[in-house]
**Student:** 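Supplied in structure tokens, the structure appears directly below.
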Amino acid sequence: MNPTPPILIANWKMNLTVDEGHRFVSGLTAAMDVPATWVGIAPMAVAMDACIKAAAGSGIKIGAQNCHWEISGAYTGELSASILKEMGAGFALVGHSERRSLFLENSQEVAKRALGAVKAGLTAAFCIGETLQERESGTTLSILKEQLTPLLSLLGSADRDKIVLAYEPVWAIGTGVVATLDQIEETHSAIAAWLLTEHGWHSPSILYGGSVKPDNYAAILSLPSVHGALVGGASLKLESFLELLNISEHQAKDNGTPQLKLSVG
Ligand code: 13P
């Protein structure tokens, strides 16, 4: 059992309209008391404001799917972390594999984005993950270290608690192929051991992402090196997200009474 509350983050990617997002978050707040779980939702940027309003007072954090490191400037199409903070965001995802592979963001840029988020007062959910080819060729850990190294050189140790790591094997994202429990635990514990021995980073929070669903989440969350999940597909429907949250609340309360009210609003 992990000592810190579990973290559950929804990455809606380019899905759910402003209205749908607002309805989802309103339904979520109606269905729960303030959760013990650290709950984050990352809608499309244009839906953030509606979601922030719907989440007011609920303890749910609304976050961005990316952010830039500069406060302002000639960066067409980018989002400033300080503006996100000003509008009421709580966190930003950075380095999602879709950003890395489709939009060619490299690890140096991703580290700068994370630092921009942290400097603006946001939590950064820093995504790392290997491709299938990299896993099959036995280079998983060296790829993950490469993805993390620029972050470690930019980030002061006092700011480490503003970073949540998310291990998302690329081959498990949106494929329905979830990594095995052994693969998840082995990878998370290897990252944590490396961060501790080489960088003096004690107890980083590491989420797992990749085809997390209500029927596999309890087992994943019970792994000692897993602190929560970053969820795509199963976060798009309120019912399945509530099931994930319920699993998380059970763990947060050490199998005590779930926090959720009975009705889904
Ligand atoms: P899925 O849960 O749909 O596999 O997506 C995972 C993900 O990319 C979350 O960031």
Side-chain angles (χ1 to χ4, degrees), residues 6-16 20-21 24 28 37-45 47-48 51 60-67 79 89-103 105 107 110 113-114 117 122-132 134-135 140 143-144 147-148 163-181 183-184 187-188 191 205-221 223 226-248:
I7 298 169
L8 180 63
I9 301 181
N11 175 10
W12 286 351
K13 309 189 182 187
M14 206 168 74
N15 296 296
L16 301 191
E20 288 166 345
F24 185 113
L28 182 57
T37 301
W38 193 106
V39 182
I41 294 181
M44 271 192 279
M48 284 180 63
C51 291
I60 298 167
K61 286 129 193 109
I62 305 299
Q65 295 176 11
N66 204 356
C67 70
L79 280 172
F91 71 98
L93 307 180
V94 294
H96 192 280
S97 70
E98 287 149 20
R99 297 303 315 171
R100 293 176 187 266
S101 67
L102 301 174
F103 302 97
E105 291 183 13
S107 295
V110 172
R113 290 179 188 278
L122 302 173
T123 297
F126 189 95
C127 306
I128 55 175
E130 82 288 359
T131 62
L132 186 58
E134 288 159 349
R135 175 156 284 271
T140 296
I143 293 294
L144 302 178
Q147 293 173 341
L148 284 165
I163 301 282
V164 172
L165 303 176
Y167 169 57
E168 298 203 299
V170 177
W171 46 272
I173 295 178
T175 58
V177 181
V178 68
T180 66
L181 296 178
Q183 286 171 325
I184 297 171
T187 311
H188 279 223
I191 298 165
S205 292
I206 311 179
L207 314 183
Y208 169 78
S211 298
V212 170
K213 306 270 183 274
D215 65 0
N216 60 29
Y217 189 41
I220 293 170
L221 189 58
L223 295 170
V226 172
H227 304 98
L230 179 55
V231 186
S235 75
L236 294 173
K237 289 263 184 309
L238 181 58
E239 290 70 23
S240 62
F241 191 68
L242 279 169
E243 284 184 61
L244 296 172
L245 180 54
N246 211 6
I247 290 164
S248 184

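For ligands, and for the atoms within them, numbers begin at 1 and follow the listed sequence. Counting from 1, the numbers follow the sequence of the chain as shown. Computation of the quantities below employed the complete heavy-atom set of this structure, encompassing side-chain atoms and omitting hydrogens, waters and symmetry-equivalent molecules.
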**Student:** If I compare all heavy atoms of Asn66 with all of Glu105, which pair ends up nearest, and what's the gap?
**Tutor:**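 Closest pair (atom of Asn66, atom of Glu105, distance): ND2-OE2, 2.9 Å.
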**Student:** I would like to know whether Val164 and Trp38 meet side chain to side chain contact (heavy atoms under 4.5 Å, CB included); could you show each step before the answer?
**Tutor:** CA-CA 11 Å; Val164 172; Trp38 193 106; 5.9 Å; no
**Student:** Answer yes or no: does an N/O atom from Glu98 fall short of 3.5 Å to an N/O atom of ligand 1?
**Tutor:**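 For ligand 1, there is no N or O atom that lies under 3.5 Å from one belonging to Glu98.
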**Student:** Strictly under 4.0 Å, does any heavy atom of Gly210 approach an atom of ligand 1?
**Tutor:**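 Checking ligand 1 against Gly210, which is what was asked, there is a heavy-atom contact under 4.0 Å.
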**Student:** Could you list the atoms of ligand 1 found under 4.0 angstrom from a heavy atom of Ser211?
**Tutor:**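 The atoms of ligand 1 under 4.0 Å from a heavy atom of Ser211 are 1 (P), 2 (O), 4 (O).
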**Student:** What heavy-atom pair brings Val110 and Arg100 nearest, and what distance separates the two atoms?
**Tutor:**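 Of all heavy-atom pairs spanning Val110 and Arg100, the closest is CG1-NH2, 3.8 Å.
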**Student:** Quick one: do Tyr167 and Leu165 satisfy side chain to side chain contact (heavy atoms under 4.5 Å, CB included)? Show the steps, please.
**Tutor:** CA-CA 7 Å; Tyr167 169 57; Leu165 303 176; over 6 Å; no
**Student:** Just which atoms of ligand 1 are under 4.0 Å from any heavy atom in Gly174?
**Tutor:**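 What qualifies from ligand 1 is 1 (P), 3 (O), 4 (O).
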**Student:** Within ligand 1, which atoms have a heavy atom of Ala172 less than 4.0 Å away?
**Tutor:**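 Answer for ligand 1: 4 (O).
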**Student:** Can you tell me the protein heavy atom closest to atom 3 (O) of ligand 1 and the distance?
**Tutor:**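 In this structure, atom 3 (O) of ligand 1 has Gly233 N, 2.8 Å as its nearest protein heavy atom.
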**Student:** Considering heavy atoms of the protein only, find what lies nearest to atom 7 (C) of ligand 1 and give residue, atom and distance to 0.1 Å.
**Tutor:**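 Residue, atom and distance for the closest contact: Glu168 OE2, 3.1 Å.
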**Student:** Quick test: of every protein heavy atom, which one is nearest to atom 2 (O) of ligand 1, and how far off is it to 0.1 Å?
**Tutor:**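 Nearest protein contact, heavy atoms only, for atom 2 (O) of ligand 1 is Gly232 N, 2.9 Å.
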**Student:** On a heavy-atom basis, which atom in Cys127 and which in Leu230 lie closest, and how many Å separate them?
**Tutor:**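 So the two residues come closest at SG-CD2, 3.8 Å.
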**Student:** So for ligand 1, is Ile173 a polar contact partner (N or O within less than 3.5 Å, distance only)?
**Tutor:**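 N/O-N/O distance below 3.5 Å does not exist for this pair.
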**Student:** Any idea which heavy atoms bring Ser97 and Val170 closest together, and the distance?
**Tutor:**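 Between these two residues, the closest heavy atoms are CB-CG2, 3.8 Å.
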**Student:** Would a 4.5 Å heavy-atom cut-off, applied to side chains only, mark Phe24 and Lys237 as touching?
**Tutor:**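 Answer no - side chains too far apart.
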**Student:** Mind checking whether Thr175 has an N or O less than 3.5 Å away from an N or O of ligand 1?
**Tutor:**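 Checking ligand 1 against Thr175, no N or O pair falls under 3.5 Å apart.
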**Student:** Report yes if some N/O of Lys213 lies less than 3.5 Å from some N/O of ligand 1; otherwise report no.
**Tutor:**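 Between Lys213 and ligand 1, no N or O pair is found under 3.5 Å apart.
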**Student:** Counting N and O atoms only, with roles assigned by atom type, does the side chain of Glu168 sit under 3.5 Å from a partner on the main chain of Ile128, one being a donor and the other an acceptor?
**Tutor:**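 Flag not set: sc Glu168 to bb Ile128 has no pair under 3.5 Å.
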**Student:** Any idea which atoms of ligand 1 are less than 4.0 Å away from a heavy-atom of Leu230?
**Tutor:**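 Once the distances to Leu230 are compared, the set is 9 (C), 10 (O).
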